[in-house]
Amino acid sequence: MKIKAYFFHKLLALILIPALLAPAYAAIPANALCTPKGYTLGFFNGVWNTKFEADNGRDALRNLLTDSYNSENVKYETFYNYSGKNPGSGATMMQDVAEVFIQRAREIDSSGEMGNRFEYFWDNLSGDKSFTNKIRNFLPSAALILDQIATSIMNKLIGAISSLVSNPPTEATYSLHKTRIEALSVEGQKLIFVAHSQGNLFVNRAYDYALTKISASSIAVAQIAPASTTLRGGHLLADIDLVINGLRLTGITSVPPINLNLPASTADASGHMLVETYLDASRPARAQVKSLVERAMQQLQAPPKQGNVGAFTVTLTWDGQGDVDLHSLEPNGMQVYYANRNGNVGRLDVDNVIANGPEHYFASCDAKVLQAGTYSFGINNFSGATGRTATVQVSTSSGGVLSSKSVNVGAVRGSSGSSAPIPVVKLVVSKDASSGAFDFLAQ
């Protein structure tokens, strides 16, 4: 059975558009252009989260842990992943779940109306039964099928995570996380990574990569409801988590052990959601999560600082040998690169000529020095990097990553390429005349 076109359009609008077209924008007061060095907590989101939902998870952790620890600043960033493709059908896994919902809903309502009602679909996905309970009240005979719908969706969810465990994402999926790790390591940040659900598949790779840049004393991991078969830090898994514990039924027997007993709640029938179960203020998991993260942070030491925090920073990495150069063109026309490392606004403080990067440009934290206007960033394959892929990432000190773009480095051009680098990304900086606040928009 095919899902009607308009259902797909609504589904894509709700799921794909927020993920792929999240605004690359930040607004920052002039007196907060740069946050002090300290901790960066990176949140690795769970299954099928839109960027908006992933940021909600990050903010829930921030509300739990606050903005300082041991008298040092803690900033929070989302290490987003969108792993919603079904490798078998090519459709998104969310579309597969929607298909299950529509098919089973027709058993209650042959007109198809219920299957077209999104509130019932999200009810079954989230565990909040406000709408489906209304159906139970006036149509008790539907109760069994409603339960079957919830079970079918749960099975799809378990199957999707199982597929990710068995068929991990490609290397390209990790490149954006790696570039951010490079920047934070260069800037001397202590790193605490917190992952939920299938985000643990990504956090394991991120942690392993970070260890090639900094020592184990500068990074720690806290793993919540881990879908991964191996761990890099302490974990919490509830006995009522039907999703992760259900993985054992798919043949993945090395899921971490249960170490948290929780009472069930109608807020989340799956027992798996981050906010609704593991951060639920009415149950003990919330305090356990706080303790897990703070224990991980307790012994962290800052890595050696190689670069600077800026009002915004630009980081270049590439995937192998060779020398790829970052070129930063400031609004006043000043080009900052290896032969002219000091600009009027910022500086190239890290230059790599061997392999992989990073190269790192930072803009001044002084509101009197930071210029409004358009900044352009490009790359040049100076030597030995033909066939490589480069990633350029723009971040603000307070807002995290604004844009990440990957391009082929092109042919070797040596110093002749410095006059016309391959354009990758632009950043428009504007200043509010009344408040003095700065807006940053990546294009």
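Just so you know, these numbers use all the heavy atoms, side chains as well, and skip hydrogens, waters and symmetry mates.
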Kindly indicate, with the supporting measurements, whether the criterion side-chain contact (heavy atoms from CB on, under 4.5 Å) is fulfilled by Arg413 and Asp325.
-> CA-CA 11 Å; Arg413 297 192 294 165; Asp325 292 322; over 6 Å; no
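- Annotation: side-chain hydrogen bond (donor to acceptor under 3.5 Å, both in side chains) contacts involving residues 212-221, sequence neighbours excluded, comprise Glu182-Lys213, Ser215-Ser217.
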Please step through side-chain contact (heavy atoms from CB on, under 4.5 Å) for the pair Leu316 and Phe377, ending with a clear verdict.
-> CA-CA 10 Å; Leu316 163 67; Phe377 305 99; over 6 Å; no
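- Minimum interatomic distance between Val350 and Pro358 (heavy atoms only, all atoms of both residues): CG1-O, 3.4 Å.
- Taken to the nearest 0.5 Å, the CG atom of Asn308 stands 5.0 Å off from the CG atom of Asp349.
- Note: Phe79 and Phe44 have parallel aromatic rings, judged against thresholds of 30 and 60 degrees for the angle between ring planes.
- The CG atom of Leu191 sits 9.5 Å away from atom CD of Glu77, with the distance rounded to the nearest 0.5 Å.
- Residues Val336 and Glu330 are in side-chain contact: their nearest non-hydrogen atoms beyond the backbone lie under 4.5 Å apart.
- Using cut-offs of 30° and 60° for the angle between ring planes, the Phe202 and Tyr174 rings count as tilted.
- A 4.5 Å side-chain heavy-atom check between Phe312 and Phe438 finds every atom pair outside the cut-off.
- A 4.5 Å side-chain heavy-atom check between Leu279 and Leu61 finds at least one atom pair inside the cut-off.
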Arg205/Asp208 under salt bridge (Lys or Arg N to Asp or Glu O under 4.0 Å): CA gap, chis, key distance, verdict | CA-CA 5 Å; Arg205 288 289 297 270; Asp208 293 346; 5.9 Å; no
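- If you take OH on Tyr76 and CD1 on Ile192, they are separated by 10.0 Å, rounding to the nearest 0.5 Å.
- Under the salt bridge (Lys or Arg N to Asp or Glu O under 4.0 Å) criterion, Asp280 pairs with Arg283, sequence neighbours left out.
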Under the side-chain contact (heavy atoms from CB on, under 4.5 Å) rule, what do Thr277 and His272 come out as? Steps first, then yes or no, please.
-> CA-CA 6 Å; Thr277 288; His272 178 66; over 6 Å; no
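- Leu292 CG to His235 NE2: the interatomic distance, rounded to the nearest 0.5 Å, is 9.5 Å.
- Contact of the Glu72 side chain with the Lys190 side chain is registered, since non-hydrogen atoms from C-beta on lie closer than 4.5 Å.
- If you check the side chains of Gln288 and Asn259, you find no donor sitting under 3.5 Å from an acceptor.
- Between Thr35 and Ser397, the side chains place a donor N or O and an acceptor N or O closer than 3.5 Å (distance only, hydrogens not considered).
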Can you check side-chain contact (heavy atoms from CB on, under 4.5 Å) on Lys290 and Leu65, steps first, answer last?
-> CA-CA 7 Å; Lys290 188 174 191 292; Leu65 299 162; 3.9 Å; yes
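- Enclosure of atom CZ in Arg62 is not indicated, since only 12 or fewer non-hydrogen atoms of other residues, nucleotides or ligands lie within 6.0 angstrom.
- Heavy-atom minimum distance, Leu236 versus Pro226: O-CD, 3.6 Å.
- Separation of atoms CZ (Phe440) and CG (Leu370) is listed at 5.0 Å; rounding is to 0.5 Å.
- Summarising the geometry of Ala222 relative to Val293, their closest heavy-atom pair is CB-CG2, 4.0 Å, with the distance given to 0.1 Å.
- What you find for Ala367 and Ala30 is that their closest heavy atoms are CB-CB, 4.0 Å.
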Evaluate the side-chain hydrogen bond (donor to acceptor under 3.5 Å, both in side chains) criterion for residues Thr315 and Thr179: first the C-alpha distance (whole Å), next the side-chain angles of each, then the deciding distance (0.1 Å), finally the verdict.
-> CA-CA 7 Å; Thr315 307; Thr179 301; over 6 Å; no
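- A distance of 9.0 Å separates CG in Asn342 from CG in Leu348, rounded to the nearest 0.5 Å.
- No side-chain donor-acceptor contact under 3.5 Å links Gln223 to the backbone of Gly234.
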